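Please read these numbers as outputs of a predicted model, since none were measured by experiment.
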Amino acid sequence: MKKTSVNICLMGSTGSIGRQALEVVEKNSSLRIAAMSAHSNTRLFSEQLKKIKPEKACITDPAAFERYGSARTGGTKILPPGELSALCTDKKIDLVLAGSSGSSALIPIFDALSAGKTVAVANKEPIVMAGDILNAAAKKYGGRILPVDSEHSAVFQCLENSKSPPEKIYITASGGAILRAGKRKITPGFILAHPVWKMGRKITVDSSTGMNKGLEVIEAHHLFSVNFSAISVLLHPKALIHGMVEFADGSVSAYLSEPDMKIPISYALNYPQKRKMSRRCDFTAMDLRLEKYPADKFICFKLALEAGKKGGLYPSALVGANETAVNAFLDERISFPRIAEIIRKTLSETPKMRYNIPNALRVEQWAKERAEKLIK
Ligand code: NDP
Ligand code: MG
């Protein structure tokens, strides 16, 4: 019997990626949310559950789960925090969309790939921390990673249309709010007003420190199995070209679209089909200027690259220290320049352990605690 819809498990339905994914699914009758998770925003989650009516849902914050209870909400079975992997690996699920933040989805992504599922990954931290392990699990058990991050979706699509290997991969950076800062005091309010993208708070700060682009270079290294020397970043303030691939003959494929995360989300959910979306490029009004990425202005970009090139557990220390430092900046406990200082110091003390998922999570937690001590 022909299957009529793709059954999706959405992790992080209450976040920026999650809410946009729900909009994409709502407009597309061949997609269906069969399961979804949120962390602590039970108010929004409850509204979403009433509207979407998935079969199962999971609340990953223990206190929020306790508050909300495990009763069925309009036919949805609510599962406790430890059940997220079970939600992703359920035999009814065709595709998992990782839209939650930080490292929380690392084990569920690993479990889903090990169950042979296709995982559309927006959530870059798990790839950064354990890309080699996730790739190996996908290869061994027939799982597949589909990129959702706009730059990686772009590169993925440029590569899909070619039979030749890439010589070089380019991802673009809009630069965040920081490039317009001048001499003003850099407050969370200023940084959170991103000129192009509307995203969650943490990734918006990461865009201004350069960390987001550094994490994305590590992500590209894993997703496309290319050396760091073959990945370049270009500054492109209008964020219309998202990624490019250069081939041996000097020809370049570029991927363009309006800066709208719903486009790469829709492509991953409908893969390999392209479904109707409303945004169109206005070519005569487009500013396609590309410039050298001013890496000297983005210290966190350099720190991320160093950690990525060292590999092993350094990227996990990077992710942990960064999350703590960014939260402290958002809470106005540290100034903007101290974010990089705290990450640098934490990274320099990264413990040496074997590279595996439990140790990646251990080192990330260690880095969060070490960074917190440096802040106090
Ligand atoms: P948001 O902060 O908007 O949303 C985060 C989501 O994750 C929420 O649903 C939140 O639940 C959930 N969450 C938070 N903490 C935990 C936890 N400890 N365990 C489980 N779930 C948790 O983030 P974004 O949507 O902006 O980003 C999500 C991921 O996608 C990030 O890795 C980011 O780098 C990546 N990304 C985002 C883009 C964007 O445009 N936003 C673009 C490209 C990549 P709750 O709110 O219920 O607490
Ligand atoms: Mg991106």
Side-chain angles (χ1 to χ4, degrees), residues 124 128 149-152 154-155 167-221 224 226-246 252 254-256 259 286-310 314-315 318-319 321-322 325-326 329-330 334-348:
K124 59 195 76 175
V128 167
D149 208 348
S150 55
E151 298 78 1
H152 306 76
V155 169
E167 209 172 71
K168 191 137 198 166
I169 280 174
Y170 294 90
I171 58 173
T172 59
S174 63
I178 197 73
L179 293 178
R180 304 184 310 185
K183 292 208 175 340
R184 85 181 74 195
K185 184 163 182 266
I186 302 167
T187 60
F190 176 74
I191 292 295
L192 289 175
H194 194 285
V196 187
W197 297 100
K198 291 265 162 298
M199 309 180 282
R201 285 155 60 88
K202 190 250 177 194
I203 185 176
T204 306
V205 177
D206 285 350
S207 292
S208 272
T209 60
M211 178 59 76
N212 185 46
K213 224 30 70 177
L215 296 177
E216 288 184 355
V217 170
I218 305 175
E219 192 185 2
H221 161 74
F224 308 118
V226 285
N227 291 329
F228 284 98
S229 58
I231 307 168
S232 282
V233 177
L234 290 166
L235 188 70
H236 178 39
K238 298 293 179 193
L240 296 162
I241 302 171
H242 303 287
M244 304 192 290
V245 174
E246 189 175 302
V252 176
Y255 172 98
L256 285 75
M286 272 182 157
D287 175 359
L288 296 179
R289 198 166 30 106
L290 292 161
E291 296 167 31
K292 186 171 180 290
Y293 184 66
D296 290 340
K297 289 201 174 110
F298 295 107
I299 303 167
C300 288
F301 173 75
K302 289 186 162 179
L303 292 172
L305 238 57
E306 279 168 33
K309 286 177 187 168
K310 282 184 179 165
Y314 281 94
L318 178 83
V319 165
N322 182 51
V326 167
F329 168 70
L330 286 169
I334 59 168
S335 65
F336 187 73
R338 278 205 73 206
I339 297 175
E341 265 175 45
I342 284 158
I343 298 168
R344 185 197 300 282
K345 180 86 178 80
T346 308
L347 274 176
S348 71

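Arg344 places no side-chain N or O within 3.5 Å of a backbone atom of Glu341 that could act as its donor or acceptor partner. At least one donor-acceptor pair closer than 3.5 Å links the side chain of His236 to the backbone N or O of Arg289. Panel note: side chain Lys213, backbone Leu234; no donor-acceptor pair is recorded below 3.5 Å. Between the side chain of His152 and the backbone N or O of Glu216, at least one donor-acceptor pair lies under 3.5 Å. Of the possible donor and acceptor atoms, none in the side chain of His221 sits under 3.5 Å from a partner among the backbone N and O of Asn227.
In terms of heavy atoms, Val196 sits closest to Lys238 at CG1-O, 4.2 Å. The heavy-atom pair separating Ala230 from Glu167 by the smallest distance is CB-O, 3.7 Å.
Within a 6.0 Å sphere centred on NZ of Lys202, other residues, nucleotides and ligands contribute more than 12 heavy atoms.
Partners of Lys345 under the salt bridge (charged side-chain N to carboxylate O under 4.0 Å, His left out) rule, at least two apart in sequence or in another chain, are Glu349. Contacts of Leu256 classified as side chain to side chain contact (heavy atoms under 4.5 Å, CB included), with partners at least two apart in sequence or in another chain: Ile241, Ala254, Met286, Leu288.
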Please table the atom pairs, donor to acceptor, closer than 3.5 Å between any side-chain atom in residues 297-308 and protein atoms at least two apart or in another chain.
{"unit_1": "Lys302", "atom_1": "NZ", "unit_2": "Asp296", "atom_2": "OD1", "d": "2.8"}

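Aromatic ring orientation, Phe329 versus Phe336: perpendicular (interplanar angle above 60°, classes split at 30° and 60°).
The line from CD1 of Ile171 to OH of Tyr293 is 9.0 Å long, rounded to the nearest 0.5 Å.
With contacts defined as side-chain heavy-atom distances shorter than 4.5 Å, the pair Leu192/Thr187 does not qualify.
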